[in-house]
Novice: 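Have a look at the structure that comes next, please.
Each chain gets a letter, A, B and so on, in the order its sequence line appears, and its residues count up from 1. We use all heavy atoms of the structure for the numbers below, so side chains are in, but hydrogens, waters and symmetry mates are not.
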Amino acid sequence: MKAFEVVTEPINPQLYADYVLRPEAGAVTLFTGHVREWTQGVRTMYLAYEAYVPMAEKKLAEIGREIEVKWEGTRVAIAHRIGELQISDIAVVIAVSSPHRKTAYEANEYAIERIKEIVPIWKKEIWEDGEEWIGDQKKKPKEEVV
Amino acid sequence: MKAFEVVTEPINPQLYADYVLRPEAGAVTLFTGHVREWTQGVRTMYLAYEAYVPMAEKKLAEIGREIEVKWEGTRVAIAHRIGELQISDIAVVIAVSSPHRKTAYEANEYAIERIKEIVPIWKKEIWEDGEEWIGDQKKKPKEEVV
Amino acid sequence: MIELHYFAGIRVLTGIPKESVNFSNQTVEDLWKWADEKYPGIRNSSARIAVNEEYALPTDVIESGDTVAFIPPVSGG
Amino acid sequence: MIELHYFAGIRVLTGIPKESVNFSNQTVEDLWKWADEKYPGIRNSSARIAVNEEYALPTDVIESGDTVAFIPPVSGG
């Protein structure tokens, strides 16, 4: 594994938690983002993620550096999976260790917000009756929603 | 495993993350509290945790119910280990799943704060030159600190 | 008879983890007085009392058969 | 020559994932104009342009050999 990576195989979150653990760490937060079946009344069949892989890994590492500067003593690892993901599959894992717990929560939440801002990864939702690449506009096939 | 338990063996955090995962869950936060080597310049050799086990498990379950009422759609599992723990060992694991990520972070942090308020579990720190049960007072053997 | 449990720093103070004592139809406040006489300083320890695994108020009544625990400030996590 | 990469919704619009085009010593703004002529609507897609894996400003100059990517609004996580 790399500390900041885009992968195509199922994610084992424990690897990333283990990576960030150190004797100085009193707290580790591990966030996993999963494919959710229902979003605003629309049933997702599965998701397809695509990435601009080299840039995405660079941006993930950049987020890690931002965090390690912003919150002293933290250590970060992030992985995002691409390809077809089924309901409950892990799309993203963020592991943060810190001497103290408050920082571990804050820094972890910061990471997911930044991922959603700057990392070139895209999600396509596939419903029973259509599909769409999801971006800022968050369009949904309104007429087709049951 | 039980969703709210006090254990004596090493904690496998993944069990608790798996327990809370559901098709409705878009986010799972997993917090692990670890034995930290250094606290305010004092080196910890190891920790010993003691619990009033039946009441502790009852209070952990109560925290879980508080969360599931406060944040709709969440599911919670918590375990705390007792006995002698070495540096980096997991003392506590908190898993929270939620449809949305913000709630998963908030509810998880709420759980650890509540554990520190109401769950009858005590930590004894063992340093090179002494030991003490830690409570509100947070005393340290000042003269002996190098 | 009631069963008394002592934990952590309180157990260090009492020297024993538990004991059975004759006590019934008296309040938590009464138990504190009894305990502070037997174990001087226990009342100043910031401990709370739990009756049958629930934190109790000073006015709560303890019945024969109850399990009572002295809960020093907790420090889990 | 520069290499252009198209992703997600932008790739649906262009119909191809990448192409090489003759382009050098011109700005990102110039590339936008060229692209919008070839792929009408691409400019209104809220995409950003990255040059050599870094988000670029409209005034940044693109050199021969650069790798350029059209980055529609990201939706990872």
Novice: How would you list, in number order, the residues of residues 108-119 of chain A that have a heavy atom less than 4.5 Å from chain D?
Specialist: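 A:I112, A:I115, A:K116, A:E117, A:I118, A:V119 fall under the 4.5 Å cut-off.
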
Novice: Which heavy atom in D:L13 sits nearest to a heavy atom in D:P40, and how many Å separate them?
Specialist: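 Smallest interatomic distance, heavy atoms only, reads CD2-O, 4.2 Å.
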
Novice: Would you call A:E50 and A:K124 a salt bridge, taking side-chain N to carboxylate O under 4.0 Å as the test?
Specialist: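 Looking at A:E50 and A:K124, the cut-off is not met.
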
Novice: Run the side chain to side chain contact (heavy atoms under 4.5 Å, CB included) check on D:D30 and D:W34 step by step: do they pass?
Specialist: CA-CA 6 Å; D:D30 294 331; D:W34 171 89; over 6 Å; no

Novice: Is any side-chain heavy atom of D:S45 closer than 4.5 Å to one of D:I10?
Specialist: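 Counting from C-beta outward, D:I10 and D:S45 do come under 4.5 Å.
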
Novice: Measure the OG-CD distance between D:S75 and A:E132 for me, rounded to the nearest 0.5 Å.
Specialist: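 Between atom OG of D:S75 and atom CD of A:E132 there are 10.0 Å.
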
Novice: Once rounded to the nearest 0.5 Å, what's the spacing between atom OG1 of A:T44 and atom CH2 of A:W127?
Specialist: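 If we round to the nearest 0.5 Å, A:T44:OG1 and A:W127:CH2 are 8.0 Å apart.
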
Novice: If I measure from the heavy atoms of chain D, does A:Y49 come under 4.5 Å with its side chain, its backbone, both, or neither?
Specialist: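 When you check distances to chain D, only side chain atoms of A:Y49 fall under 4.5 Å.
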
Novice: Drop me the distance from D:E54's CD to D:L57's CG, to the nearest 0.5 angstrom.
Specialist: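 If I round to the nearest 0.5 Å, the distance is 11.0 Å.
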
Novice: If you round to the nearest 0.5 Å, how far is NZ of A:K59 from CD1 of D:I71?
Specialist: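 Reported value, rounded in 0.5 Å steps: 9.5 Å.
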
Novice: So, for D:P72 and D:G9, which heavy atoms are closest and what is the spacing to 0.1 Å?
Specialist: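 Shortest heavy-atom contact: CG-N, 4.4 Å.
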
Novice: Of all heavy-atom pairs between A:E128 and A:M45, which one has the smallest distance, and what is that distance?
Specialist: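 The answer is CG-SD, 3.3 Å.
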
Novice: Please find the pair of heavy atoms, one from D:D66 and one from D:E63, that lie closest to each other, and give the distance.
Specialist: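 Residues D:D66 and D:E63, closest heavy atoms: OD2-N, 2.8 Å.
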
Novice: Any carboxylate oxygen within less than 4.0 angstrom of a Lys/Arg side-chain nitrogen, looking at D:R43 and D:E29?
Specialist: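 Result for this pair is yes, salt bridge flagged.
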
Novice: If you compare all heavy atoms of D:L31 against all heavy atoms of D:I2, which two are closest, and at what distance to 0.1 Å?
Specialist: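 It is CD1-CD1, 4.3 Å.
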
Novice: Would you please indicate if the ring centroids of D:H5 and A:Y52 are separated by under 6.0 Å?
Specialist: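 Yes, ring centres under 6.0 Å apart.
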
Novice: Does a side-chain N-to-carboxylate-O contact under 4.0 Å join A:R43 and A:E37?
Specialist: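 Answer for the salt bridge query: yes.
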
Novice: Can you see whether D:Y6 has D:R11 sitting over its ring - NZ or CZ less than 6.0 Å from the centre and within 45° of the normal?
Specialist: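 Checked: cation-pi criterion not met.
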
Novice: Anything in residues 60-87 of chain A with a heavy-atom distance to chain D below 4.5 Å? Please list those residues in order.
Specialist: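 So the qualifying residues are A:E62, A:H80.
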
Novice: So which bits of residues 100-107 of chain A come within less than 4.5 Å of chain D, counting non-hydrogen atoms only?
Specialist: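 Expected list: none.
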
Novice: Please flag which part of A:A48 lies under 4.5 Å from any non-hydrogen atom of chain D: side chain, backbone, both or neither.
Specialist: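 Contact with chain D: none, neither part.
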
Novice: Heavy atoms only: give me the nearest D:F70-D:W32 pair and the separation to one decimal.
Specialist: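 Scanning both residues completely, I find the closest heavy atoms to be CE2-CZ3, 3.8 Å.
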
Novice: Quick check: under 4.5 Å, non-hydrogen atoms only, which of residues 15-35 of chain A neighbour chain D?
Specialist: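 Residues qualifying by a heavy atom under 4.5 Å from chain D are absent, so none.
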
